[in-house]
Number of protein chains: 2
Amino acid sequence: MTRREAYHHGDLATAALDAALELVAEDPSASFSLRSLAEKLGVAHRALYNHFADREALLAGLAARGFAQLAATLAPAPDPAAFMAAYVRFALDQPGLYAVMTGRRYEQINAHAPLRAAVDKVIAVALDALATPGADDDTRRREVMRVWMLAHGAIGLQRAGMLRLRSGDEFAEEVLRIAGLAAREENKR
Amino acid sequence: MTRREAYHHGDLATAALDAALELVAEDPSASFSLRSLAEKLGVAHRALYNHFADREALLAGLAARGFAQLAATLAPAPDPAAFMAAYVRFALDQPGLYAVMTGRRYEQINAHAPLRAAVDKVIAVALDALATPGADDDTRRREVMRVWMLAHGAIGLQRAGMLRLRSGDEFAEEVLRIAGLAAREENKR
DNA sequence: ACTCAATGTATCCAGTGGATACATAATCCA
DNA sequence: TGGATTATGTATCCACTGGATACATTGAGT
């Protein structure tokens, strides 16, 4: 451990988020305990509280990461169809992470600066990909929301088993079809 | 307690769901404990297990009730706009209940017959209100899903603070506008 | 070298969901 | 009618959780 990053056990905050991501990937309900997380890291469970005020703060940190990753995934989207396909695939690929991201409430997001920033970044990317360049702000905002609502709604209803859609790529294509966005070849994985 | 419904403390199963609904209304995160619920009912916390296999079963029962109530609320909807407005208002009026309803997972819904039936009832009502009578099944299904996705997505994004929309009636109207369904006078409360 | 803040540990606590064993009351059937 | 049976509720226990308090250790800056 000659690395500069190492304190006692290394960069525990980062390691904790890494481990939390794994636990969430294993169990999308994110019902993991701080103790199991600490055990996974070989550390006293109380050590985590040096980096995260409480469990919610840890989840907020994980959510912030997720939104940053989502923004990076969506950034190259050249049009609404590509955006929506990429968005839906992200949520399907990492259902636990997506649940953590969208499970925070408004106040929790605003109380956590990095998370707020990460969400705003996604909004900015969405505006680029979805909104008509010349239009006024209200119109642009509505254009973004329409696509986002459809995508987020589809994911939520799918998870709750209310739609009974096919899963995987076919799901993304079906959502595009319903949204009125043609599912073109380049949108396939 | 000469009433036929009374056993020891009355119809505990129903009373438990009533009390749970209150607790969820107070705290939409539905983080209430079975013990607080039992205390509210003046009963040993273990008594609840005579009526519900576990905490999840109790939530499933509450969700089933919610969907039945939702179906009744939506049934009179004469057109998609009215349907969507009523749906959004239901979710805003009872955010905790709506979260419990949509928080169950696919397997949990199917494992609970009354819940499954209640969800199917809502789907039937939605088909009536949203789908073109003569169209083929796939088209009808997609018509339903489009509206439902928009409504559910809007509610979810609003709760997560990602849309920053106005709340209350203005929220419902804005969602209708985004969905491309005119907000007419009769949709107002 | 010495101090101090950052980090990690040890130990405790009240509260939780759930299990097992037992008590009581309502119903059913001889 | 009355005794057995079953539904319901209680008492008590358990492992586990998030979090608090007190203390130990380590690295960094002077």
Side-chain angles (χ1 to χ4, degrees), chain A residues 1-20 22-24 26-63 96 100 103-105 107-108 111-112, chain B residues 1-20 22-24 26-63 96 100 103-105 107-108 111-112:
Chain A
M1 278 212 208
T2 49
R3 297 288 211 58
R4 176 59 196 68
E5 60 176 277
Y7 226 122
H8 292 152
H9 284 76
D11 187 345
L12 185 58
T14 302
L17 292 179
D18 290 343
E22 281 181 42
L23 290 175
V24 161
E26 289 164 18
D27 174 12
S29 70
S31 61
F32 69 87
S33 68
L34 292 185
R35 299 175 113 99
S36 63
L37 184 62
E39 190 181 15
K40 198 175 163 97
L41 295 162
V43 117
H45 86 279
R46 245 307 172 145
L48 298 171
Y49 287 83
N50 286 318
H51 303 275
F52 305 96
D54 53 21
R55 192 187 141 86
E56 171 56 36
L58 193 147
L59 291 176
L62 189 58
V100 168
R104 303 310 101 210
R105 312 206 62 218
E107 312 79 29
Q108 297 167 338
H112 192 283
Chain B
M1 276 213 209
T2 50
R3 296 288 211 58
R4 175 61 196 67
E5 58 176 277
Y7 228 122
H8 292 152
H9 285 75
D11 187 347
L12 184 58
T14 303
L17 291 179
D18 291 344
E22 282 181 42
L23 290 175
V24 161
E26 289 163 17
D27 174 11
S29 71
S31 60
F32 69 86
S33 68
L34 292 185
R35 299 175 114 98
S36 63
L37 184 61
E39 191 181 14
K40 199 176 164 97
L41 295 163
V43 116
H45 86 278
R46 233 351 185 104
L48 298 171
Y49 286 85
N50 287 319
H51 303 274
F52 305 96
D54 53 20
R55 192 187 140 86
E56 171 57 34
L58 193 147
L59 291 176
L62 189 57
V100 169
R104 303 311 99 210
R105 312 207 61 219
E107 312 79 30
Q108 296 167 339
H112 192 284

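Quick caveat: nothing in here was measured; it's all calculated off a predicted structure. Basis for what follows: all heavy atoms, side chains included, without hydrogens, waters or symmetry-related copies. Proteins come first, then strands; the chains are lettered A, B, ... in the order of their sequence lines, and each starts at number 1.
Rounded to whole angstrom, the span from the CG atom of N50(B) across to the C1' atom of dA21(C) amounts to 13 Å. When rounded to the nearest whole Å, the span between NE2 of H51(B) and C1' of dG9(D) equals 8 Å. Separating the CZ atom of F52(A) from the P atom of dT7(C) is a distance of 12 Å, rounded to the nearest angstrom.
Under the rule for a side-chain contact (heavy atoms from CB on, under 4.5 Å), the partners of R46(B) that lie at least two apart in sequence or sit in another chain are Y49(B). Residues passing the salt bridge (charged side-chain N to carboxylate O under 4.0 Å, His left out) test with D18(B), sequence neighbours excluded: R65(B). Qualifying salt bridge (charged side-chain N to carboxylate O under 4.0 Å, His left out) partners for E56(A), counting only residues two or more places apart in sequence or in other chains: R104(A). For A44(B), there are no side-chain contact (heavy atoms from CB on, under 4.5 Å) partners two or more places apart in sequence or in a different chain.
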Validation: residues 29-37 of chain A side-chain donor-acceptor distances under 3.5 Å, sequence neighbours left out:
| from | atom 1 | to | atom 2 | distance (Å) |
| --- | --- | --- | --- | --- |
| S29(A) | OG | D27(A) | OD1 | 2.8 |
| S29(A) | OG | D27(A) | OD2 | 3.1 |
| S29(A) | OG | S31(A) | OG | 3.2 |
| S31(A) | OG | D27(A) | OD2 | 2.8 |
| S33(A) | OG | S36(A) | N | 3.0 |
| S33(A) | OG | S36(A) | OG | 3.2 |
| S36(A) | OG | S33(A) | N | 3.3 |
| S36(A) | OG | S33(A) | O | 2.7 |

Spell out protein contact along nucleotides 16-21 of chain D as letters: B when the base is contacted, S when just the sugar-phosphate is, - when no protein heavy atom is under 4.0 Å; keep the 5' to 3' order.
-> -BBBBB
